[in-house]
Amino acid sequence: MDIVLSGIRPTGNLHLGNYFGAVKNFVRMQEENKCFFFIADYHSLTTHPTPADLHGNVKQVLVEYLAAGLDPDKSTLYVQSDVPEIVELYLFLNMNAYLGELERVTTFKEKARKQPDNINAGLLTYPSLMAADILIHNAHKVPVGKDQEQHLEMARTFARRFNRMYKQEYFNIPQAYNFGAELVKIPGLDGSGKMGKSEGEGNAIFLIDDEKTIRKKVMKAVTDTGPTQPNQTKPEVIENLFSLLKVVSTPEVVNHFDEQYNNCSIRYGDLKKQLAEDMVAFTAPIRQKILDLAANEAYISKVARQGAEKARESASKTIREVREIIGFRHF
Ligand code: TYM
């Protein structure tokens, strides 16, 4: 049985990119694998949230995970900061993580550009914390979107390095995973190429968005002036709209608009209307569950406590063994 793990930073609501990049895989995988899903609240400290925001965001993501279909009886759903063993493994991995390789990570370079006044050590060592998240349960598969590919490569590097250093195949070599196919990047609505919570108003469709909001955002999506020749290649902004259609609509709907594009009769307004309706149909039941669950404080607390207990059981076993391998012995 494979060990599967994935996580998300609690820095905003879940959007369709998170869902189709990571959560959907996970919901399916929890039936047949040993699954861990967590909320990466240590990671979110790189951007210095206030204490009140931090707790509220963690709760919100927990609720949204459950609403999106994560079953706490089938998988282990927990908050990262409830499992301090992760921090210990992070420290061990950092002893063999080198400045040069950490500085070359694309997300580090991007963040350093975006927040030049806050290039902290946590940002630099983000990949070793992420590797600790994965290796603490010795995961085989990690369902993530394309943007996390490089981080997964680093996790593999750190796992191999540890195994080599201590001359034993202790850690599994974790693989980024998307139903055995290419990792996906769900585009945003503003033509920016990636749906993301920090990409600006109107770029992302959140699972919590109501019908009106979804329609408004989709109708404003960036397009071009339309095809002028039959079967011409779609420019990126149009390709992006079709990519969104592919995840929420039926193949018949996608083919219909594809044909219209190819014979130059397409009206983007019609495509957007259909896209908005299909997005509403997809998110509405999840949204209702979010609203119901958010009101149930006692259940949410119970899920978090049970998840922490299960996650710590697995994590403490790893830390005990890793300490032994490294050479820490009790007197
Ligand atoms: P985060 O919080 O940015 O995103 C959570 C998950 O959603 C995926 N994702 C997308 N996939 C496709 N298209 C998009 N537009 C899109 N936007 C987001 C991300 O790839 C991710 O899978 N570093 C991670 C959190 C993390 C983690 C881990 C993940 C910490 N430790 C260990 C896996 C394993 C992050 O910032 O994801």
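Numbering of ligands and ligand atoms starts at 1, following listing order. Computed from a predicted structure; not experimentally measured.
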**Q** Once ring pair (Phe, Tyr, Trp, His ring centres under 6.0 Å) is applied, do any residues pair with Phe20, and if so which ones, sequence neighbours excluded?
**A**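 In terms of ring pair (Phe, Tyr, Trp, His ring centres under 6.0 Å), with neighbours along the sequence ignored, Phe20 is linked to Phe282.
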**Q** I'd like a table of the close N/O pairs between ligand 1 and the protein (anything under 3.5 Å), one pair per line with both atom names and the distance.
**A**
{"unit_1": "ligand 1", "atom_1": "2 (O)", "unit_2": "Arg9", "atom_2": "N", "d": "2.9"}
{"unit_1": "ligand 1", "atom_1": "3 (O)", "unit_2": "Arg9", "atom_2": "NH2", "d": "2.7"}
{"unit_1": "ligand 1", "atom_1": "4 (O)", "unit_2": "Asn18", "atom_2": "ND2", "d": "3.4"}
{"unit_1": "ligand 1", "atom_1": "7 (O)", "unit_2": "Asn18", "atom_2": "ND2", "d": "3.0"}
{"unit_1": "ligand 1", "atom_1": "11 (N)", "unit_2": "Gly17", "atom_2": "O", "d": "3.2"}
{"unit_1": "ligand 1", "atom_1": "13 (N)", "unit_2": "Ile186", "atom_2": "N", "d": "2.7"}
{"unit_1": "ligand 1", "atom_1": "15 (N)", "unit_2": "Ile186", "atom_2": "O", "d": "2.8"}
{"unit_1": "ligand 1", "atom_1": "15 (N)", "unit_2": "Met195", "atom_2": "N", "d": "3.4"}
{"unit_1": "ligand 1", "atom_1": "15 (N)", "unit_2": "Met195", "atom_2": "O", "d": "2.8"}
{"unit_1": "ligand 1", "atom_1": "20 (O)", "unit_2": "Gly145", "atom_2": "N", "d": "2.8"}
{"unit_1": "ligand 1", "atom_1": "20 (O)", "unit_2": "Asp147", "atom_2": "OD1", "d": "2.5"}
{"unit_1": "ligand 1", "atom_1": "22 (O)", "unit_2": "Gly145", "atom_2": "N", "d": "3.4"}
{"unit_1": "ligand 1", "atom_1": "23 (N)", "unit_2": "Tyr126", "atom_2": "OH", "d": "2.7"}
{"unit_1": "ligand 1", "atom_1": "23 (N)", "unit_2": "Gln148", "atom_2": "OE1", "d": "3.1"}
{"unit_1": "ligand 1", "atom_1": "31 (N)", "unit_2": "Asp133", "atom_2": "OD2", "d": "2.7"}
{"unit_1": "ligand 1", "atom_1": "36 (O)", "unit_2": "Arg9", "atom_2": "NE", "d": "2.6"}
{"unit_1": "ligand 1", "atom_1": "36 (O)", "unit_2": "Arg9", "atom_2": "NH2", "d": "3.4"}
{"unit_1": "ligand 1", "atom_1": "36 (O)", "unit_2": "Tyr126", "atom_2": "OH", "d": "3.0"}

**Q** Taking the six-membered ring for Trp, are the ring centroids of Tyr126 and His151 within less than 6.0 Å of each other?
**A**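 Between Tyr126 and His151, the centre distance is under 6.0 Å.
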**Q** In terms of side-chain geometry, is the basic nitrogen of Lys34 or Asp2 positioned less than 4.0 Å from the acidic oxygen of its partner?
**A**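 No.
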**Q** Would you list the pairs meeting ring pair (Phe, Tyr, Trp, His ring centres under 6.0 Å) in which at least one residue belongs to residues 56-83, sequence neighbours left out?
**A**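 Those involving residues 56-83 are Phe37-Tyr65, Phe38-Tyr78, Tyr78-His137.
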**Q** Going by the ring pair (Phe, Tyr, Trp, His ring centres under 6.0 Å) test, which pairs reach into residues 300-331, not counting sequence neighbours?
**A**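 For residues 300-331, and leaving out neighbouring residues, the ring pair (Phe, Tyr, Trp, His ring centres under 6.0 Å) pairs sorted by first residue read Phe92-Phe328.
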**Q** Taking atom CD of Gln232 as the centre, report whether more than 12 heavy atoms of other residues, nucleotides or ligands fall under 6.0 Å from it.
**A**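 Count over threshold, so yes.
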